[in-house]
Amino acid sequence: MTYKVILDVDTGSDDAIAIMAAALSNEIELLGITTVNGNRNIDTTTDNTLRVVSLLGKNIPVYKGCALPLVSTLLKGRRSNIPYKGPESKEEDVHGDHIPSPETNMKAQPQHAVFWLVDTLLKTKEKLTLIFVGPLTNLAMALRIAPTIINNIREIIIMGGGYLVNNITSGAEFNFWVDPEAAKIVMDCGAPIRLVPLDATHAAYVTRAEAEAIRQFNTPPAILCADLIIRRINGYKNFQPLAVPDAVPVHDVLAICALLKPEVLQECMEVNVDISFSPGITDGMSLCDVGNRNRSAAHNAVVARSADRELFITMLNQLFGSSR
Amino acid sequence: MVQKVIMDVDTGCDDAVAMLLAGHHKDLELVAALPVHGNAPLEQTIDNTLRLLEAGKLAHVPVYSGAEAPLIGPIIRGSGDQIVRLPFPEATIKPQPNHAVNFLIDYYMSGAGNETVYMPIAPLTNLALALRIEPRLKDRIPRIVTMGGAYSSNFAEFNIAADPEAANMVYTSGIPITMVGLEVTDIAKVQQMDVDSIRKLNTPWAIAAADVMDIVVDIHVKHGLGGAIIFDACAVAALIEPSVMETRQMHIEIELRGAATRGCTVSDFKAWKKLTPNVDVGIGIDRDRFIEIMREGLV
């Protein structure tokens, strides 16, 4: 089976690995990649995305998306480092400004990502799969402009949110925190959603030895993949060390693997996921209503609380070991 | 010189009168109408806009459908004269295939709109979406004249309350804004004799305007307002003849939080805080001249 996929990224080290994995899979037809403000500002995430696509030597169109979250930057001081202005400290920088891959002459398409999403979803003859691994601004905007696009979405796989694991604050995961209102709009849009939160991506950590094993495939994507994972391991050591030494989650690529082999996600539960955009410490928090406390709220997502790490590593090796 | 104008509408009785005035006054050219959600659901504001334009002999004005929900909500709706189905036949004209947000970006970025005033008399969702997609729009829209807000009220006016985040984006965009708020519209009440004098002009558009205003007079007088408030038409009059409205430069901020004040146009109208003014705010209007402008426009 081949899935027709639109991938939305804020590249980003783990986004770069997700792009490569999607492009290397022979079960995915990548219709286009849309970029968004997130890990870095929109110009940088777009440039990084183009570098990765260029390295792959594939003709995948890239559409530049929104430079700002929907509304989260309107209140003064609410998102002071968005768009990204620099790391709190160099030692904690897991992404770097530019992907360690050569500059490219490749350009983004002239059409804006939001309009391309709307046009593509309105015109498609078969339902499409959306994989969103950055803040959800572009999709929320598209839904506001053309709500009927949900009729042509087969499934949305989202890397975002946290059940018990969080990163940017004690209550929130970065992608949802950057644009909580967009996350709320997308979670409630009515299309089938599988959520890959930090709980799953942290269970699917990659070790230094496993990254070095991928390097041995000795292709440009495999080498870049290994370089990016090693950089992440070094950044995480100072930023949020895992229980396992010398290992790191590579969040976004797990969303790609979840499409190819759903069983890579473990401990899945169908629940209502709500997003807090109140001021204060819960801003951007995803709340999984495991106790059905909000009885009027429909189950809007399948949320993975863990992952099959062994299968995930096998899949990474298969994808980056392929010569496609 | 004929002033071009694009109107963003949630038609609406007063929107209807405003479009008839803008479409027929010799000093204005109505370039396009962009119905958006607002007082009534989008489906109805589109339908009313099409009926009005056709009945008012403005069927040549292109209509681009806009957003059906505010950026983040919640959705609030109007009542009374704001949500009536206009008393005109079902229209044969249809909206353009393009979305209002596409149209705004294409039109202004092409340079065609360098002298075209953008007049939202509805929630500001369409322009907010356009600004998020194309931030350079702020340098291409020369001026906004808008009906919305209230500089001296502690409660929010509908158009702002219906999408405060959108209003915040527009008011902080840097585009020059003339705000025609409730202080102005409240003292521009239209009486039955005014409506009758407009009807006597006997043009299809004057009759259409009178038909709509008859409804408003009836509803507003029953509500004890002592006359009909044709909110949106005041903004058109202020564009046609700026001297009809007295304005003052003020600092305006759009309240996004607040248990009772979400959507307020918080104003430093007493200039106690000495904040830098960012909006030209209407503070008074010559009512009789406003009626006269309508009569001149609808002949």
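Heavy atoms only: backbone and side chains are in, while hydrogens, waters and symmetry mates are out.
Within residues 126-151 of chain A, the residues having any heavy atom less than 4.5 Å from a heavy atom of chain B are, in residue-number order, Met141(A), Arg144(A), Ile145(A), Pro147(A). Residues from residues 270-279 of chain A that place a non-hydrogen atom less than 4.5 Å from a non-hydrogen atom of chain B comprise Phe277(A), Ser278(A), Pro279(A), given in numerical order. Proximity to chain A at a heavy-atom threshold of 4.5 Å picks out Leu129(B), Arg132(B), Ile133(B), Glu165(B) from residues 129-165 of chain B, in numerical order. Identified by a heavy-atom distance below 4.5 Å to chain A, contributing residues of residues 261-270 of chain B are lacking entirely.
Between chain A and the options Ala69(B), Ala128(B), Ala100(B), heavy-atom pairs under 4.5 Å are most frequent for Ala69(B). Of all the listed residues (Val118(A), Leu70(A), Val114(A)), the one sharing the greatest number of non-hydrogen pairs under 4.5 Å with chain B is Leu70(A).
For Ile105(B), the part lying near chain A is the side chain, with the backbone staying farther off; criterion is any non-hydrogen pair under 4.5 Å. Both the backbone and the side chain of Leu68(A) have a heavy atom closer than 4.5 Å to some heavy atom of chain B. Of the atoms belonging to Glu255(B), not a single heavy atom falls under 4.5 Å from chain A.
Note that CZ of Phe115(A) and CG of Asp106(B) are 7.0 Å apart. Values are rounded to the nearest 0.5 Å. One finds the CG atom of Leu74(A) at 6.0 Å from the CG atom of Leu256(B) (value rounded to the nearest 0.5 Å).
Heavy-atom neighbours of Asn59(A) CG from other residues, nucleotides or ligands within 6.0 Å: at or below the threshold of 12.
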